[in-house]
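All values derive from a computational prediction rather than experimental measurement. Just follow the structure's listing: the first ligand is 1, and inside any ligand the first atom is 1.
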Amino acid sequence: MNGRGPRIRGHHLICLQFFHGEGYSPKFAHNLFHVIDRFTHGATGTVVIGPDDVCAACPALENGRCAQEPDSEEAIRVLDALALEMLELEADEEFDWGVATLSVQRILERWRALACDGCDWEEVCRPLIDQTAGYPRT
Ligand code: SF4
């Protein structure tokens, strides 16, 4: 598939891998399915700094900023920067979803240790992350 693919901020590159239907609203979840569908049909993504095509349908997006909490946009940009550093991607860089998925698997344990604590979606993601990371170890 050609044409402009989804624009994705750093931490969403990781978190989207574990989405399976939950979200802040039905519109938000529907949009997430749409974004993932575009990737699975071959769209190439582009890394953006700040609100992306996921945020676009989020009820927390206000005036082009994440307004989940008063300082959310700043805090999330720090998380985005960490994700991009780990995934070795930069702003405006294009990425292939399949390659990104493999990269996420490579950094997942480190990401989980640094970023997942206290996230609203931790309980939702945990079983899938456990599966991907090979937990529980026996
Ligand atoms: S909570 Fe904030 S960062 Fe997350 S999707 Fe909504 S606007 Fe974007």
Side-chain angles (χ1 to χ4, degrees):
M1 179 187 284
N2 292 318
R4 192 178 77 77
R7 301 161 61 258
I8 302 293
R9 66 190 305 164
H11 84 279
H12 282 163
L13 257 164
I14 298 172
C15 303
L16 269 182
Q17 308 283 338
F18 303 100
F19 170 72
H20 55 288
E22 291 79 6
Y24 297 112
S25 70
K27 180 182 165 199
F28 179 80
H30 177 82
N31 180 54
L32 280 179
F33 278 121
H34 179 60
V35 167
I36 291 170
D37 191 56
R38 291 172 71 197
F39 280 134
T40 54
H41 283 85
T44 298
T46 304
V47 174
V48 295
I49 304 300
D52 63 1
D53 286 354
V54 173
C55 301
C58 181
L61 187 70
E62 283 178 20
N63 302 319
R65 292 173 51 84
C66 176
Q68 183 86 327
E69 306 283 343
D71 62 350
S72 283
E73 186 61 41
E74 289 72 19
I76 288 170
R77 284 187 187 224
V78 170
L79 208 56
D80 288 336
L82 176 65
L84 294 181
E85 186 193 328
M86 285 183 166
L87 295 170
E88 298 175 1
L89 287 168
E90 295 180 351
D92 300 326
E93 193 170 339
E94 294 195 340
F95 64 86
D96 173 86
W97 181 247
V99 172
T101 299
L102 290 174
S103 298
V104 169
Q105 288 171 10
R106 176 174 54 77
I107 58 114
L108 193 54
E109 292 211 34
R110 213 153 50 94
W111 173 260
R112 169 186 246 184
L114 293 173
C116 294
D117 246 10
C119 171
D120 290 349
W121 302 105
E122 192 181 0
E123 291 301 315
V124 172
C125 289
R126 184 178 294 137
L128 279 171
I129 293 189
D130 282 350
Q131 213 174 26
T132 308
Y135 289 95
R137 300 236 165 80
T138 51

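At the shortest separation from atom 4 (Fe) of ligand 1 among protein heavy atoms lies His12 NE2, 3.9 Å.
Between Thr44 and Phe95 there is no side-chain heavy-atom pair separated by less than 4.5 Å. Between Phe19 and Val54 there is no side-chain heavy-atom pair separated by less than 4.5 Å.
Taking a cutoff of 4.0 Å between a charged side-chain nitrogen and a carboxylate oxygen, Arg7 and Asp53 qualify as a salt bridge. At a threshold of 4.0 Å, the pair Glu94-Arg4 does not count as salt-bridged, since none of the basic side-chain nitrogens sits closer than that to a carboxylate oxygen. For the pair Glu122 and Arg112, the salt-bridge criterion is not met [side-chain N within less than 4.0 Å of a carboxylate O].
In summary, the atoms of ligand 1 found under 4.0 Å from a heavy atom of Tyr24, numbered by their order in the structure, are 1 (S). Atoms of ligand 1 lying under 4.0 Å from at least one heavy atom of Phe28, given by number and element, are 5 (S).
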Hey, mind stepping through Ser103 and Glu88 against side-chain contact (heavy atoms from CB on, under 4.5 Å) and telling me if it holds? CA-CA 9 Å; Ser103 298; Glu88 298 175 1; over 6 Å; no

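Here 1 is the count of protein N, O or S atoms positioned under 2.8 Å from atom 2 (Fe) of ligand 1, waters not counted.
With hydrogens and angles ignored, the 3.5 Å screen pairs a side-chain donor or acceptor of Asp96 with a backbone N or O of Gly98.
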